[in-house]
Amino acid sequence: MRSLNMAERGLKASTEGIAKANQALIRNNLNKTALARDLGLSRATVTNFFRVIPIDRLNFEEICKRLGLNWQEIVDIPVCKSQTEEHQNTTSKTFDFLGREDAIKYQLLKEEIDKMFASELDIQQLLKFVSCKSRQIKAESYTEHKLSAIRAYYLHLYSNSGIDLYLAFSLDSSIKYNPSLMLDLNLAKTLSCFYDFPRSLSHASYIADFLELAIKQLAHNKINLQQSQKDQLLSELRELRQQLPSELELVPSSPNTKNDEDRTRFEKFIGWWQNEGQNWAGELRTVMIAYRGISQDFWLLDKQKLIVLHRYYSFNKLLVDFLRNTSDNIRSHIEDTLLLPIAEIEKRPFKN
């Protein structure tokens, strides 16, 4: 145990200590807001702790205790003047060491996340599909987008469970303009709105809206398909659009409407949705699989699995946020295996 004489000072964590704290945050299923709430501290105090900014000693000890850590093993001990001078005389060597230290710190944090979800077979299968699709998009479009960003994009697209595009855009903001990805997104949203309709009546009109966006995307942009495939896909999507009932855009957002015409439209659309609509959605799904390799089987994840998926995604967002203050080289090391299934990660050791 280290002897400290800092009763009158604020304390901050060491580089090694903050890495342990970040791992403990994940291990305890906490975020900074929840940690602050549990301890009755301000969010700023907890944020300063993780930013390695000195905070009150008692608060420092309480945070470590809540995370299950020995505060004396986490705290940074100031060096004496002679040590500081020696440190300044070896700047370049220390810089290289700190770069390696940061890389190891964040790699350990990433490994902790990956291990937590390694036994979640449904999630691992989803990540496998996302990885395969991302490599396909990278190869067919010769895009310069980061593979990690494409994986994040298709995790949003495949899951249909509230996974946002924050991570994809954080990794590569230009990805939002890729025509192939936009086509796939609009097709997925079309099917999503169809299946969401009973729970969200306002989504009825969006079915046609997103399908029309996909058709325009395909007709007016450079999608990396052979011309014959592109023409056939365009023909099938237009036929599916024609099969949608004319009442679609006029369906009221509530079944309790007092207007007789609105009620008639609603009942007619419900009848179509329950019968012909299911076949229509099946045809759209078949087209999406055949031409774009997009399967929505993972939309069938049960509630518990969706919670697990959201936790996995949230932890990876947290990790990417940590990486913002690191060098490009370190960040590329971690992003290389971000959102990959554990089996694929184990085949791709950490880069030197």
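Not measured: the values here are computed from a predicted model.
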Q: Can you sort out the partners of N48 under side-chain contact (heavy atoms from CB on, under 4.5 Å), two or more places apart, ordered by chain and number?
A: I53, I55
Q.
To check you understand the geometry: which heavy-atom pair defines the closest contact between L339 and S148, and what is its length?
A. CD1-O, 4.2 Å
Q: Might you point out which heavy atoms bring T337 and I345 nearest each other, and give the distance in Å?
A: O-CD1, 3.8 Å
Q.
Can you tell whether the side chains of E236 and R292 come within less than 4.0 Å, N to carboxylate O?
A. no
Q. For S131 and R151, does a side-chain donor sit closer than 3.5 Å to a side-chain acceptor?
A. no
Q. Considering residues at least two apart in sequence or located in another chain, which fulfil the side-chain contact (heavy atoms from CB on, under 4.5 Å) criterion with A214?
A. L183, N186, L187
Q. Are the side chains of V320 and I334 in touch, meaning some heavy atoms are under 4.5 Å apart?
A. no
Q: Measure up the F117 and Y312 rings against each other and bin them: parallel (under 30°), tilted (30 to 60°), perpendicular (over 60°).
A: perpendicular
Q. Sub-3.5 Å donor-acceptor pair from the side chain of T190 to the main-chain atoms of L211, do we have one?
A. yes
Q) Is R51 atom CZ crowded by more than 12 heavy atoms from other residues, nucleotides or ligands, each under 6.0 Å away? A) no
Q: Give a yes/no verdict on a cation-pi contact between K12 and F49, requiring under 6.0 Å between NZ or CZ and the six-membered ring centre and an angle within 45° of the axis.
A: no
Q.
If I take atom OG from residue S192 and atom NZ from residue K189, how far apart are they, to the nearest 0.5 angstrom?
A. 9.0 Å
Q: Decide, yes or no, whether a salt bridge links K317 with D164 under the criterion of side-chain N to carboxylate O below 4.0 Å.
A: yes
**Q.** From CA spacing to verdict: salt bridge (charged side-chain N to carboxylate O under 4.0 Å, His left out), R135, E344
**A.** CA-CA 13 Å; R135 289 196 300 271; E344 193 168 338; 3.1 Å; yes
Q. Can Y313 and Y166 be said to form a side chain to side chain contact (heavy atoms under 4.5 Å, CB included), step by step?
A. CA-CA 10 Å; Y313 181 71; Y166 172 87; 4.2 Å; yes
(Q) Looking at every non-hydrogen atom in both residues, tell me the closest pair between R331 and L323 and how far apart they are. (A) NH1-O, 3.1 Å
Q: Dump the intermediate steps for side chain to side chain contact (heavy atoms under 4.5 Å, CB included) on D122 and V308, then the final yes or no.
A: CA-CA 10 Å; D122 289 337; V308 173; over 6 Å; no
Q.
Using a 3.5 Å distance criterion without hydrogens, assess whether the side chain of N28 forms a donor-acceptor pair with backbone atoms of L30.
A. no
Q | Cluster check L108, I342: I/L/V/M/F/W/Y, side chain < 4.5 angstrom | A | no
Q) So, does D336 use its side chain to make a donor-acceptor pair with the main chain of S332 at under 3.5 Å? A) no
Q) Got a sec, which residues hit salt bridge (charged side-chain N to carboxylate O under 4.0 Å, His left out) with D114, two or more places apart in sequence or on another chain? A) K110
Q. When you check the side-chain N and O atoms of Y153 and D172, is any donor under 3.5 Å from an acceptor?
A. no
Q | Non-hydrogen side-chain atoms of N59 and L11 separated by less than 4.5 Å | A | no
Q: Taking the side chain as every heavy atom from C-beta outward, state whether W280 and W273 have any atom pair closer than 4.5 Å.
A: no
Q | Any side-chain heavy-atom pair of F210 and L185 under 4.5 Å | A | no
Q: State, yes or no, whether a side-chain contact exists between F50 and K32 at a heavy-atom distance under 4.5 Å.
A: yes
Q) Quick one: does N316's side chain get under 4.5 Å of R311's, heavy atoms only? A) no
**Q.** Carboxylate-amine/guanidinium proximity below 4.0 Å for K20 and E16
**A.** yes
Q | S314 (side chain) donor-acceptor with H310 (main chain) under 3.5 angstrom | A | yes
(Q) Is it true that, when you exclude Q243 itself, more than 12 heavy atoms of the residues, nucleotides or ligands shown sit nearer than 6.0 Å to its CD? (A) yes
Q: List the steps and the verdict of side chain to side chain contact (heavy atoms under 4.5 Å, CB included) for R66 and I63.
A: CA-CA 5 Å; R66 175 65 182 86; I63 290 173; 5.9 Å; no
Q) To the nearest 0.5 Å, how far apart are NZ in K216 and CG in L237? A) 14.0 Å
Q) Among all residues two or more places apart in sequence or in another chain, which pass the side chain to side chain donor-acceptor pair (under 3.5 Å) test with D231? A) Q227
Q: First locate atom CG of L155, then atom CG of L126, and finally report the distance between them rounded to the nearest 0.5 Å.
A: 5.5 Å
Q | For the student: nearest non-hydrogen atoms of L338 and L319, plus distance | A | CD1-CD2, 4.1 Å
**Q.** Sequence-distant partners of E62, side chain to side chain donor-acceptor pair (under 3.5 Å), two or more places apart
**A.** none
Q: Search all heavy atoms of A168 against all heavy atoms of I175 and return the closest pair with its distance.
A: O-CG2, 4.1 Å
Q) Do R43 and T47 pass the side-chain hydrogen bond (donor to acceptor under 3.5 Å, both in side chains) test, and can you show the C-alpha distance, the side-chain angles, and the key distance before you say yes or no? A) CA-CA 6 Å; R43 180 69 161 73; T47 297; 2.5 Å; yes
Q. Where do F60 and T45 land on the side chain to side chain contact (heavy atoms under 4.5 Å, CB included) test, with the steps shown first?
A. CA-CA 9 Å; F60 187 96; T45 297; over 6 Å; no
Q: State, with a plain yes or no, whether a side-chain heavy atom of I307 is found less than 4.5 Å away from one of Q304.
A: yes
Q) Should the heavy atoms of other residues, nucleotides or ligands under 6.0 Å from NZ of K128 be counted, would the total exceed 12? A) no
Q. With Q226, which residues qualify under side-chain contact (heavy atoms from CB on, under 4.5 Å), at least two apart?
A. S228, Q229
**Q.** Pair K146 + E335: basic N to acidic O under 4.0 Å
**A.** yes
Q: For S173 and F169, indicate whether the former's side chain and the latter's backbone hold a donor-acceptor pair under 3.5 Å.
A: no
Q) Shortest non-hydrogen contact from A152 to L171? A) CB-CD1, 4.3 Å
Q. Considering only heavy atoms from C-beta outward, does the side chain of N178 approach that of I150 to under 4.5 Å?
A. no
